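Counting starts at 1 for both ligands and their atoms, in listed order. Please read these numbers as outputs of a predicted model, since none were measured by experiment. Heavy-atom basis, side chains included; hydrogens, waters and symmetry copies ignored.
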Amino acid sequence: MLPRPDLSPLLQIYFLFRQSPGFGDYSATEKLKDAPPDFSHIRCPLCRWQPQKSSRWHCSDFGLHFGCGTNWNTFDTRGQCPGCRYRWQWTDCLRCFRSSPHEAWYAESGD
Ligand SMILES: [Zn+2]
Ligand SMILES: [Zn+2]
């Protein structure tokens with residue numbers, strides 16, 4: 001085992017910057033999470049209904065999942081309930097009331 005050298009001053013500055021808020025140390029996934037979803041590219045794969053920012057889904061009992069009762073816009077969180085962190089694989093359409101895989105709601109470009 002080699003002895004660990006102390007951090008070089010340059011590395012220390014690097015870590016300092018990494019810790020300061022607002023330095024732009026956001027990974028691509030965090031950017032995706034923070035960005036408001038583009039609802040124009042989201043639609044029901046079955047009836048093409050487009051949800052609005054004000055659309056709300058309800059965290060209810062589903063299979064082995066015990067619903068926590070939270071109401072939220074499931075496309076703000078990519079299908080994850082903010083109340084209990086349960087990730088919904090299926091999303092009900094609020095117009096035709098049929099379920100589709102959450103990922104299927106995101107339209108491909110040109111669709
Ligand atoms: Zn929940
Ligand atoms: Zn639908």
Side-chain angles (χ1 to χ4, degrees):
M1 195 92 144
L2 288 165
R4 267 178 77 96
D6 286 332
L7 288 176
S8 73
L10 214 72
L11 260 177
Q12 285 182 27
I13 291 169
Y14 174 66
F15 281 116
L16 216 78
F17 269 124
R18 273 181 63 93
Q19 282 163 12
S20 37
F23 179 59
D25 181 35
Y26 295 108
S27 71
T29 44
E30 275 171 323
K31 257 184 194 150
L32 190 77
K33 192 180 69 188
D34 291 340
D38 183 1
F39 284 94
S40 65
H41 289 116
I42 299 171
R43 83 288 175 265
C44 171
L46 299 171
C47 75
R48 314 231 146 224
W49 170 73
Q50 291 195 310
Q52 306 296 310
K53 206 148 178 45
S54 59
S55 303
R56 287 290 177 273
W57 281 259
H58 186 69
C59 184
S60 54
D61 297 348
F62 178 77
L64 295 173
H65 170 66
F66 188 70
C68 73
T70 296
N71 285 300
W72 85 109
N73 190 320
T74 194
F75 294 102
D76 275 343
T77 59
R78 245 191 142 85
Q80 189 175 37
C81 172
C84 65
R85 302 274 157 207
Y86 180 77
R87 186 169 284 281
W88 289 88
Q89 304 290 339
W90 293 78
T91 297
D92 285 343
C93 175
L94 300 186
R95 186 167 82 179
C96 71
F97 300 109
R98 288 178 289 180
S99 299
S100 302
H102 188 79
E103 292 302 319
W105 282 72
Y106 298 92
E108 308 292 323
S109 52
D111 184 12

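Without hydrogens or angle criteria, Asp92 side chain to Phe97 main chain gives no donor-acceptor distance under 3.5 Å.
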Margin query: Under the criterion side chain to side chain contact (heavy atoms under 4.5 Å, CB included), I'd like the reasoning laid out for Phe66 against Tyr86: C-alpha separation, chi angles, the key distance, then a yes or no.
Written below: CA-CA 9 Å; Phe66 188 70; Tyr86 180 77; over 6 Å; no
Next item on the list: Determine, stepwise, if the pair Phe62 / Trp90 fulfils ring pair (Phe, Tyr, Trp, His ring centres under 6.0 Å).
Entry: CA-CA 10 Å; Phe62 178 77; Trp90 293 78; 8.1 Å; no
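Within the coordination shell of the Zn ion (ligand 1), defined by N, O or S atoms under 2.8 Å, Cys68 is present.
Counted by atom type alone, Trp72 and Thr77 present one or more donor-acceptor pairs between their side chains at under 3.5 Å.
The SG atom of Cys81 and the SG atom of Cys59 meet at the Zn ion (ligand 1) at an angle of about 110°, given to 10°. Rounding to the nearest 10°, we obtain 110° for the angle at the Zn ion (ligand 2) between Cys93 SG and Cys47 SG.
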